[in-house]
Amino acid sequence: MPRPSARSARSPLLLVLPCLALACRGAPPDTTARRTLVDSRDTYDPRSLDPALSTDVPTGRAVSYVYEGLTRFTPDARLEPALAERWDVSPGGRTYTFHLRAGVRFQDGTPLTARDVVHSFTRALDPATHGGRADPLLPIRGAAAVADGKATVVAGLAAPDDSTVVVTLDRPLAIFPKLLAMPVASVLPAGAPAAIGDHPVGTGPWKLVRWKHDDYLLFARNPDYWGGPAESDSLEARIIAEPSTAVAEFEAGNVDVTEIPPDEMPSWEADSAKRQRLVSGPSLQLVYVAINTTRGPLRDVRVRQAINDAVDTKTILARLLHGQGRVAAGVIPPALGGADTTRAPYPYDPAKARALLAAAGYPAGIDVQLWTGATPVMVRVAEAIQAYLDAVGIRTKIEQRDYATASQASRRGETDLFLKDWYADYPDAEDFLDPLLGGRNAGLGGNVSFYRNPSFDALMARARVETDAGRRDALYRSADSLAFADAPMLYLYFYDHLFAVQPWIRGFTIPVIFNGQRWTHVSIARGPAPR
Amino acid sequence: MARFILRRLALAVPTLLGVLVVAFLLLYVAPGDPVTAMLGQRADPATVARLRAELHLDDPLPVRFARYADGVLHGRLGRSYVTDRPITADIAERFPKTLELAAAAMLLATTCGITLGVLSARRPGGWVDRLALGVAYLGISFPVYWVGLLLILVFAVGLRWLPPSGSGGLRYLILPALALGMRSIAFQARVTRSSMLDALGADFTRTARAKGAGEWRVVSRHALRNALIPVITVVGLDFGSYLTGSILTETVFSWPGLGRYVVDAIARRDLPAIQGSVLFLSVVFVAVNLVADVAYAKADPRVAY
């Protein structure tokens, strides 16, 4: 039986290092004098502080400190009003009327008006902004024409008065208010300077003070914030590329929150003082192997089911990820509506896998290539999968490339199996079902299984217009079940990220969605730092 | 000498033109699409097509090259696909940090390396020599990544003498400079030692001693000056490679230099950023080599050009 090894190649070194460090441990860090909250979750520099350029997590996070949209997410991923105090939906579900909050001012002092909202959305769509990805705004009528450079005015956007924005969609879309909580739909003043990417002006709780690229972004609280000023003076987002370095900064007391990579989990869990610092966040991340349903033997559903039955996902999760997550039985994370937590995952049953292969006409087994990026954890997971598949006669060759290369090959349909992950942009089951399994997304980044099932697509089309949340979740659940039986992927796990939070930090919760934590109610406790 | 420098400068032109072409073509044939890297996994085909057109990625190769070469000749390296900032501004912000780190590492390496080398050569087989040999072995065989993490754990996390990472004052410079300079210390100590041994055994040293010159004068004026010639070559090559981005050191110590910038640009297929940095770094490398050659000529008048 294949046994994945949990030991990393670096582990002998990592064993030596802490011993040396412990041998010369000095005084506890003097951090209580610090008045700046320091976050070190970012591993690379944000693209820009221009919301239109926000397509990745570090950018989206920084944008959410300075700017706000009409709606926003709470740390536990609920949607709540932000710049719009409330909104009405027309009976057909195509027209949304947003009523702006009164008395909101931008950080440059100008008052927020409906005109700013119309301008911000139009600007994000305008090709001249070089944003490129305004897809949350594309459901608005006439938005695509602006994005194509064929129009300068978005037909479906209107500002009948200073405090009202009327948005008309091409077709009803129940989750539209969630799309408006994404960073790209942030509101900036109509008269904003062209260099907004370096000199941002928003309505948010933090103002940018300094940005040293690849080093840190420093924010100071906005004293005039409509929701009341943040509890702490300032917030620093450190950019630390190497996770071990971020952990060292945490241990030196210089940063307040950091992510603990799976490699380091055992050493943290073994140390009682360190263990108390750990906080697990149920993240909206699915790790899966896309099975290209259009290639060779993989066209047969029995072969794809055999792949699922052949791999002991539970053991992979326990050994390689130290149990930080949940085995996936579908693509909807348990934290979201529509997830069926009672659905049983594919069992680990090599005999059944062999029988399925034989029934499909491959008693001698098949040959497949398994593509993966170069992240150490992913490479180890790929090696474990390879061993399990080999054991039932699915002879697997690992193709390890850098992520951009592997991803491009998968989009072109050149990969049999591709080990990858998917992060939610917004907390809704639709953001997993549609991009990963929707026929219209075949060949795009998520659905590199090239899965096309008209019944699945029909269920999703109904869910899109369904305004009742309960009925929508039921539709999501059915669609997920349908695809699960077709096995267009090897369902692996939902990874729960592990963070370390300093004991002197008050009021911080790990956000479920990346832009759900704005640090407004987080503070540093005074007094001696416990150690 | 002026003619020599001019000739070397003239020779640099075809080198840089070659770099221009190679950097352009390499990225053209390399897999990975900048647009999908920019847009993330969700991008729909219409958005991808729109952006490809906007970035002129679908133009024929010669047209793209001509546009690029024209920009470079006019001093424009273009704007980053990812950040929409001018590449020149990005380089101007990061290169001083790389220069600072490289200079500090080099200063450390030459002071420690040459001193160790001279001391070793004075008493071959003595305890200083054996210690220096040990240091050299460690310095050459330890990977910089590991040395970096070790330094952080001992001096920043354990002893709390220095900050673990980031940039700022001198305090932030010491650990990364040490990690980066370690190999050079080892290398220069070995090279200095062997050429010092040659020089100390040479006729001119015996003559100097016979004239009654003091030991310090013999070692520093007569032997060291001659022994330094091969060391200059080593220093020049090392400095050149430090300046062109000490990627691992910058990553471990979260140092905001050009090495990390290039790595990020490659991961995101930010073509203008990669091409611009490669071109810039080639210019730097050519310039450093030129300076090393001039220094070589200065140190050794026998070198005729």
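Just so we're on the same page: letters track the sequence lines, and every chain starts at 1.
Heavy-atom distances place both the backbone and the side chain of Ile239(A) under 4.5 Å from chain B. Proximity to chain A (any heavy atom under 4.5 Å) is restricted, for Arg268(B), to the side chain, taken from C-beta onward. Proximity to chain B involves both the backbone and the side chain of Ile240(A), based on heavy atoms less than 4.5 angstrom apart.
Put simply, the side chain of Thr251(B) never gets that close to the backbone of Glu242(A): no donor and acceptor are under 3.5 Å apart.
Here Asp215(A) contributes atom CG and Arg260(B) contributes atom CZ; the two are 7.5 Å apart, rounded to the nearest 0.5 Å. With rounding to the nearest 0.5 angstrom, the CD atom of Glu93(B) is 8.0 Å from the CG atom of Asp214(A). Going from atom OG1 of Thr83(B) over to atom CG of Leu49(A) covers 11.5 Å, rounded to the nearest 0.5 Å. Taken from CD in Glu251(A) to CD1 in Ile152(B), the straight-line distance is 11.5 Å, to the nearest 0.5 Å.
Looking at heavy atoms from C-beta onward, Asp50(A) lies out of side-chain contact with Asp84(B) at the 4.5 angstrom threshold.
Note on Arg79(B), Arg269(B), Arg85(B): by heavy-atom pairs under 4.5 Å with chain A, the leading option is Arg85(B). The greatest number of non-hydrogen atom pairs below 4.5 Å with chain B, out of Asp402(A), Asp198(A), Thr405(A), is found for Thr405(A). The candidate from Gly166(B), Ala156(B), Ser80(B), Ser254(B) with the greatest count of non-hydrogen atom pairs under 4.5 Å with chain A is Ser254(B). When Leu53(A), Asp148(A), Val448(A) are compared by the number of non-hydrogen pairs under 4.5 Å with chain B, Asp148(A) comes out ahead. Between chain B and the residues Ala147(A), Ala195(A), Ser48(A), Gly149(A), the largest count of heavy-atom pairs under 4.5 Å involves Ala147(A). If you tally non-hydrogen atom pairs under 4.5 Å between each of Ile266(B), Val252(B), Asp264(B) and chain A, the highest count goes to Val252(B).
Shown here for Ser165(B) and Arg238(A), the closest heavy-atom pair between the two residues is OG-NH2, 2.8 Å. Between Arg160(B) and Ala252(A), the closest heavy-atom pair is NH1-CA, 3.1 Å.
The number of heavy atoms from other shown groups lying within 6.0 Å of OH (Tyr44(A)) is above 12.
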